[in-house]
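Naming convention: chains lettered A, B, ... in sequence-line order (proteins, then strands); numbering from 1 in each chain. Quick caveat: nothing in here was measured; it's all calculated off a predicted structure.
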Protein chains: 2
Amino acid sequence: MSQVRVHNFAVSIDGYGTGEGQSLETPFGHAQARLMQPWFFGTRTFQAMQGGDAGSFGIDEAFASNWGTGIGAEIMGRNKFGPQRGPWTDEEWIGWWGEDPPFHTPVVVLTHHPRPVLELEGGTTFHFVDAAPAEALAVARELAGGLDVRIGGGVNTVRQFLQADLVDRMHLAVVPIVLGRGENLWHGLEGIESRFAVEAVSSPSGVTHQTWTRA
Amino acid sequence: MSQVRVHNFAVSIDGYGTGEGQSLETPFGHAQARLMQPWFFGTRTFQAMQGGDAGSFGIDEAFASNWGTGIGAEIMGRNKFGPQRGPWTDEEWIGWWGEDPPFHTPVVVLTHHPRPVLELEGGTTFHFVDAAPAEALAVARELAGGLDVRIGGGVNTVRQFLQADLVDRMHLAVVPIVLGRGENLWHGLEGIESRFAVEAVSSPSGVTHQTWTRA
């Protein structure tokens, strides 16, 4: 059975997966790059997304590189796709990633405002779907052709799939910063650990990688 | 210069240091023992507090055992001392720990309702002080005779000393449970990590020990 997976999802020590005040210029709001820079930007996986071939091979990379293996489709919230809200006034927007996004699979974008399928280079296609988590997952599974489905974020999207008990595996990077405000992953998830086996391992970069495996 | 230290302070992955609904029967509220049992109860340090001589010697004990070394006094909030609120109606209450508490030093109890010094066995004396953090620290330092001062909790007390920038070293045990409600250590502490060097190390028990050392 194909699995539903979360990867490379960073939260602050107080539980925020993104800061307050997201905009075109600051997609993570006041968190800026502080959730990803300490552990992700130096990895070979991230460097390769930027077209480079350098980067680290340590524990941060060991987790980061699991992101793509066996994945047949991603589901993301509309806010991860772009900064626009409400009806699409500008269908010129093709996502933050340009003509050749790093996904290379179908991507289901959750939105109340559907628009036509967007086909980009390298196998990435964006499908705009107005659906609850279980229904969106059925669409993504069909598109994934038997492979796994990644829940790509943002925070609200991951939380909705956790609340619906649809996540099989989740990798978190817990970053020792106190963001204080933004979107909190744990809001409304009291006691969720009872459904998972949790492992933690610390990295020399200062973050702690947690893996949540559905029991 | 004597240091101000926090030890063996456990927080959930969503930042709560105690649960909701504290009472005589449930001093940690709905968190019950879930913040301490996974890593602390099995240590030799905790077992010794109960009068035993068994217990683990691994990483959890390595951190737990630092609790007493070099400490000359503790400061605790009144809620750690006992469940009563408001004026003391019952001075028979001598704390949760009985006639021979594990502190073996002077203990400053922060309260708006002073009462006489309480001398117990083994060197523990409780001093009831109505003072802000800096002033209470001056009292504790005097009592500590040049040794370090431990901030013993609860959550609000630790947070107040952090807000006043009076903490030199803090050891946290981050427990992978989502408590959802209670007292949150991080409330009002946005950006506090900039004042500290933070290390993290994971334990086979599943918790992550963090040390916050004032830069």
Side-chain angles (χ1 to χ4, degrees), chain A residues 9 11-17 19-20 29-32 34-35 38-39 59-60 63 155 159 162-163 170-213 215, chain B residues 9 11-17 19-20 29-32 34-35 38-39 59-60 63 155 159 162-163 170-213 215:
Chain A
F9 197 79
V11 291
S12 64
I13 188 67
D14 55 341
Y16 293 95
E20 201 174 66
H30 84 292
Q32 298 177 318
R34 291 182 289 160
L35 289 172
W39 67 279
I59 180 174
D60 294 335
F63 281 100
V155 182
R159 192 168 51 211
L162 288 169
Q163 279 171 331
M170 176 166 69
H171 161 237
L172 300 180
V174 182
V175 184
I177 63 175
V178 180
L179 281 179
R181 53 206 160 97
E183 295 181 31
N184 197 299
L185 176 63
W186 304 117
H187 183 72
L189 294 181
E190 177 183 337
I192 192 176
E193 71 279 358
S194 65
R195 303 205 308 255
F196 290 87
V198 185
E199 274 190 36
V201 61
S202 47
S203 163
S205 65
V207 311
T208 301
H209 295 282
Q210 288 191 347
T211 52
W212 293 57
T213 307
Chain B
F9 196 80
V11 291
S12 63
I13 188 66
D14 53 341
Y16 292 95
E20 201 174 65
H30 85 291
Q32 298 179 317
R34 289 181 290 160
L35 289 171
W39 66 279
I59 180 174
D60 294 335
F63 281 100
V155 181
R159 192 169 49 210
L162 286 169
Q163 277 169 334
M170 176 167 67
H171 161 236
L172 300 180
V174 181
V175 184
I177 62 175
V178 180
L179 281 179
R181 53 208 161 94
E183 294 181 32
N184 197 299
L185 176 64
W186 304 117
H187 182 74
L189 294 180
E190 178 184 337
I192 192 176
E193 71 280 358
S194 65
R195 303 206 307 256
F196 291 87
V198 185
E199 274 189 35
V201 60
S202 47
S203 162
S205 66
V207 312
T208 301
H209 296 282
Q210 288 191 347
T211 52
W212 292 58
T213 307

Point to revise | Residue Glu199(B) versus chain A: region with a heavy atom under 4.5 Å | key: neither

**Study point:** Interface moiety of Ile177(B) toward chain A, non-hydrogen atoms closer than 4.5 Å
**Key:** both

Check your understanding: If you count heavy-atom pairs under 4.5 Å with chain A, which of Gly15(B), Gly191(B), Ser12(B), Gly206(B) comes out on top?
Key -> Gly191(B)

Review point. Would you find a donor on one side and an acceptor on the other, under 3.5 Å apart, between the side chain of Glu193(A) and the backbone of Val178(B)?
Key: yes

Exercise for review: Heavy atoms only, distances under 4.5 angstrom: which of Ile192(B), Asn184(B), Leu189(B) has the most pairs with chain A? Name it, please.
Suggested key: Leu189(B)

**Study point:** Taking every non-hydrogen atom, the tightest pair across Glu190(A) and Gly180(B)
**Key:** CB-CA, 4.2 Å

**Study point:** Ile13(B)/Val174(A) under side-chain contact (heavy atoms from CB on, under 4.5 Å): CA gap, chis, key distance, verdict
**Key:** CA-CA 9 Å; Ile13(B) 188 66; Val174(A) 182; 4.0 Å; yes

Check your understanding: Where on Val198(A) is there a heavy atom nearer than 4.5 Å to chain B: the side chain, the backbone, both, or neither?
Key -> side chain

Practice item. Measure across Ser202(A) and Val201(B) and return the closest heavy-atom pair with its distance rounded to 0.1 Å. Key: OG-CA, 3.1 Å

Review point. Pick from His187(A), Gln210(A), His209(A), Arg181(A): which one has the most heavy-atom pairs with chain B under 4.5 Å?
Key: Arg181(A)

